[in-house]
Amino acid sequence: RSMRIIRLETSDEVVFEVDYDIIKCSETIRKALQDVGDEDDVGVLPVPKVSSRILEKVLIWATHHKDDVPVELEEDENMPKRTDDISYWDMNFLLVDSNTLVDLILAANYLSIQGLLDVTNKTVANMIKDKTTGELRQTFSLVNDFTPEEEEEEEEDQMHKDPCGK
């Protein structure tokens, strides 16, 4: 079967021509294509919640992972989720600023790409592990809207917290 090209239009109106075998990891795109039937020319599929800058990164990730076995959701929801099983390639790929990382999470969620969603969420989990409220604000450029009293209370809570988070 010859290469099937899918055209995707981003929120900033850039059209990407993508090999179906690369973008098939997106459940959202697969469902949209099923809805229009198996026509050779489906026109342009809009992806209004994804910018061209982020779709470009998603496609780099999808190209690298195109031969991966689809991710199965973990059986036991009570088991703690691992965050130490990120591949070297993914770790390097995700060395981006926190805004880009959040945009990638939103794109992976919108496009329903489970593998990318898992690895971006694990990356954020690793970024926030063992950080104080102040360090988290700095990492994610968050504005402190606590009153001085609330701030003091938060610091006391942090000091009394069990290092295991219990």
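- In this model, no donor atom of one side chain and acceptor atom of the other lie less than 3.5 Å apart for His64 and Asp90.
- Evaluation of the side chain to side chain donor-acceptor pair (under 3.5 Å) rule for Glu56 yields no partner, not counting sequence neighbours.
- With hydrogens and angles ignored, the 3.5 Å screen pairs a side-chain donor or acceptor of Ser26 with a backbone N or O of Leu111.
- Glu153 places none of its side-chain heavy atoms less than 4.5 Å from the side chain of Phe146.
- From Thr133, atom OG1 reaches atom CD of Glu150 across 12.0 Å, with rounding to the nearest 0.5 Å.
- Under the side-chain contact (heavy atoms from CB on, under 4.5 Å) criterion, Glu135 pairs with Lys131, Thr132, sequence neighbours left out.
- Through direct or relayed side-chain contacts under 4.5 Å between Ile, Leu, Val, Met, Phe, Trp and Tyr, Leu106 connects to Val102.
- With sequence neighbours excluded, no residue forms a side-chain contact (heavy atoms from CB on, under 4.5 Å) with Pro148.
- Not counting sequence neighbours, the partners of Glu27 by the salt bridge (charged side-chain N to carboxylate O under 4.0 Å, His left out) test are Lys31.
- Not counting sequence neighbours, Glu13 has no partner by the side chain to side chain donor-acceptor pair (under 3.5 Å) test.
- When the side-chain contact (heavy atoms from CB on, under 4.5 Å) test is applied to Asp21, the partners found at least two apart in sequence or on another chain are Asp19, Lys24.
- Using modelled atom types, one side-chain atom of Ser11 and one backbone atom of Val50 make a donor-acceptor pair closer than 3.5 Å.
- Contact check for Val15 versus Leu8: no side-chain heavy atoms found under the 4.5 Å cut-off.
- Residues Phe16 and Val47 are not in side-chain contact: their nearest non-hydrogen atoms beyond the backbone lie 4.5 Å or more apart.
- Under the side chain to side chain donor-acceptor pair (under 3.5 Å) criterion, Thr100 pairs with Arg53, Asp97, not counting sequence neighbours.
- With Thr120 as reference, Leu104 is the one residue of Ile113, Asn109, Leu104 to meet the side-chain contact (heavy atoms from CB on, under 4.5 Å) rule.
- For Thr123, there are no side chain to side chain donor-acceptor pair (under 3.5 Å) partners at least two apart in sequence or on another chain.
- Contact of the Arg4 side chain with the Leu33 side chain is registered, since non-hydrogen atoms from C-beta on lie closer than 4.5 Å.
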